[in-house]
Amino acid sequence: MKVYLNGKLVDKKKACISVFDHGFLYGDGVFEGIRSYDGLVFKLKEHIDRLYESAHSINLDIRLTPKQMIDAIIKTLKANELKDAYIRLIVSRGQGDLGLDPRKCRGNETIVIITDKIKLYPEKLYKEGMEIITVPTVRNVSSALNPQIKSLNYLNNILAKIEAVNSGFQEALMLNAQGYVAECTGDNVFILKNGAMYTPPHYMGSLKGITRNAVIGIAKKLKISCQEQVLTRHEIFVSDECFLTGTAAEIIPVVKVDARAIGNAKPGKVTKKIMKEFKKLTKTAGVKYNT
Ligand code: PXG
């Protein structure tokens, strides 16, 4: 496997960074998780825009232009001869000293692109649906660390994931500090009630997910009403259908939340329709490359 590291494609074993890198020392940096489907990088422009917005928000200058970044991603995919891939794009503050001050790292930012085979959740979960729980760790407060920043500091989500896994679940529902539904550890959440779709507004503490946005577009196309609405756990419990969206998980049905059955505890009809449309979208909405 070849890894892109600061302009060079190096062998996986030689893809090393300094222990003084502030990404390692402090989680100071940003990232994106992207996917390609049959030689098409899904919603690449949207991911690149979000990466540069995350970087701008933390005052991190990326020395590559967005166009150069796209070229670097495609070069890495081609070098690894991957048509269906998970792409991890990381920009850390770079090498500094042991102090917090990011000025010591100026101009040193570390740019890494890892492309690998995708590891899907087991097919069974997509067919039968997933069971999730709400965990005690609340989603970061926007005024402290805004969830729109896809920062290298993912401890908030990791703590929630640990709580889910310790209880035997793969994904966790996270509430915000006010007790309203925010999102899951690596996915956005949607419900259906009486034929209409709802997802929490991003200011409730969720990432503006690119899959979420794609699903909102699909709902529009299918003429299904889809609104951003403040949700409580109660609304989730009494929903007819529920599903999660994310680059890694794509669209995954949820059939039980905190031991409450959602609908008839089977993946819903509308959810299945959205999953089908999403699959179609992955064949068209992206940047093409030839391996
Ligand atoms: N919320 C959070 C907190 C995320 O990290 C999503 C929602 C979904 O957004 P997209 O744009 O992907 O539709 C994410 C992103 C993983 C993994 O390995 C998943 C994400 C990020 C990092 C790792 O499962 N999902």
Side-chain angles (χ1 to χ4, degrees), residues 23 27 29-37 41-54 85-92 112-122 125-126 130 132 134-135 137-142 144-165 169-176 181-190 199-219 226 228 231 242-252 254 274-275 278-279 281-282 285-286:
V30 293
F31 79 101
E32 273 298 318
I34 314 171
R35 255 173 103 143
S36 73
Y37 294 89
V41 190
F42 185 65
K43 301 270 181 191
L44 181 54
K45 187 183 178 306
E46 288 81 349
H47 281 284
I48 294 292
D49 286 349
R50 191 169 66 184
L51 178 85
Y52 280 78
E53 282 188 3
S54 290
Y86 185 77
I87 303 155
R88 175 58 58 92
L89 182 50
I90 305 140
V91 183
S92 83
V112 176
I113 304 166
I114 305 168
T115 58
D116 202 357
K117 292 198 183 85
I118 31 166
K119 281 188 216 90
L120 290 168
Y121 275 126
L125 275 184
Y126 293 87
M130 197 181 208
I132 63 171
T134 311
V135 291
T137 296
V138 300
R139 192 71 179 98
N140 275 336
V141 180
S142 300
L145 179 53
N146 197 310
Q148 301 319 322
I149 302 168
K150 262 186 93 75
S151 89
L152 293 182
N153 193 320
Y154 245 51
L155 258 187
N156 180 224
N157 313 59
I158 291 165
L159 288 174
K161 183 92 173 181
I162 288 169
E163 286 159 352
V165 170
F169 298 89
Q170 306 213 36
E171 188 45 295
L173 188 67
M174 298 181 79
L175 307 179
N176 66 15
V181 173
E183 61 177 338
C184 290
T185 69
D187 303 297
N188 291 109
V189 61
F190 283 79
T199 190
H202 67 84
Y203 52 81
M204 285 292 111
S206 63
L207 178 73
K208 287 185 205 163
I210 286 161
T211 320
R212 172 185 184 270
N213 221 15
V215 164
I216 292 171
I218 290 170
C226 182
E228 293 187 312
L231 299 174
C242 178
F243 61 87
L244 312 180
T245 65
T247 297
E250 302 176 293
I251 298 167
I252 196 152
V254 172
I274 304 264
M275 287 167 82
F278 181 76
K279 196 155 253 169
L281 195 65
T282 61

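Atoms within a ligand are numbered from 1 in the order they appear, just like the ligands themselves.
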At a 4.0 Å threshold, what atoms of ligand 1 neighbour a non-hydrogen atom of [X]?
X	result
Tyr154	2 (C), 3 (C), 4 (C), 5 (O)
Glu183	1 (N), 2 (C), 3 (C), 7 (C)
Thr247	10 (P), 11 (O), 12 (O), 13 (O)
Arg50	11 (O)
Phe31	22 (C)
Gly209	9 (O), 10 (P), 11 (O), 13 (O)
Arg139	3 (C)

Could you check [atom] against the protein and tell me its nearest heavy-atom contact, residue, atom and distance included?
atom	result
atom 21 (C) of ligand 1	Lys150 NZ, 3.2 Å
atom 17 (C) of ligand 1	Tyr86 OH, 4.2 Å
atom 11 (O) of ligand 1	Ile210 N, 2.7 Å
atom 25 (N) of ligand 1	Gly186 O, 3.0 Å

Measuring only between side-chain heavy atoms, which start at C-beta, is [X] closer than 4.5 Å to [Y]?
X	Y	answer
Val135	Phe169	no
Ile274	Ile251	yes
Val41	Ile87	yes
Ser142	Pro147	yes
Leu207	His202	no
Asn157	Arg139	yes

Next on the checklist: Over 60° means perpendicular and under 30° means parallel, so tell me whether Phe190 and Phe243 are parallel, tilted or perpendicular.
Outcome noted: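 Answer is parallel, since the angle falls under 30°.
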Cationic N near anionic O, under 4.0 Å, [X] to [Y]:
X	Y	answer
Arg212	Glu228	yes
Glu250	Arg35	yes
Glu32	Arg50	yes

Is the shortest N/O to N/O distance between [X] and ligand 1 below 3.5 Å?
X	answer
Ala248	no
Arg88	no
Thr245	no

Item to check | Options Thr211, Asn140, Asn188, Asn157, ranked by nearest heavy atom to atom 3 (C) of ligand 1, top entry | outcome: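 Of the listed residues, Asn157 has the closest heavy atom.
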Checklist entry - Hey, does Asn213 sit under 4.0 Å from ligand 1 if you only count heavy atoms? => result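 Under 4.0 Å: no for Asn213.
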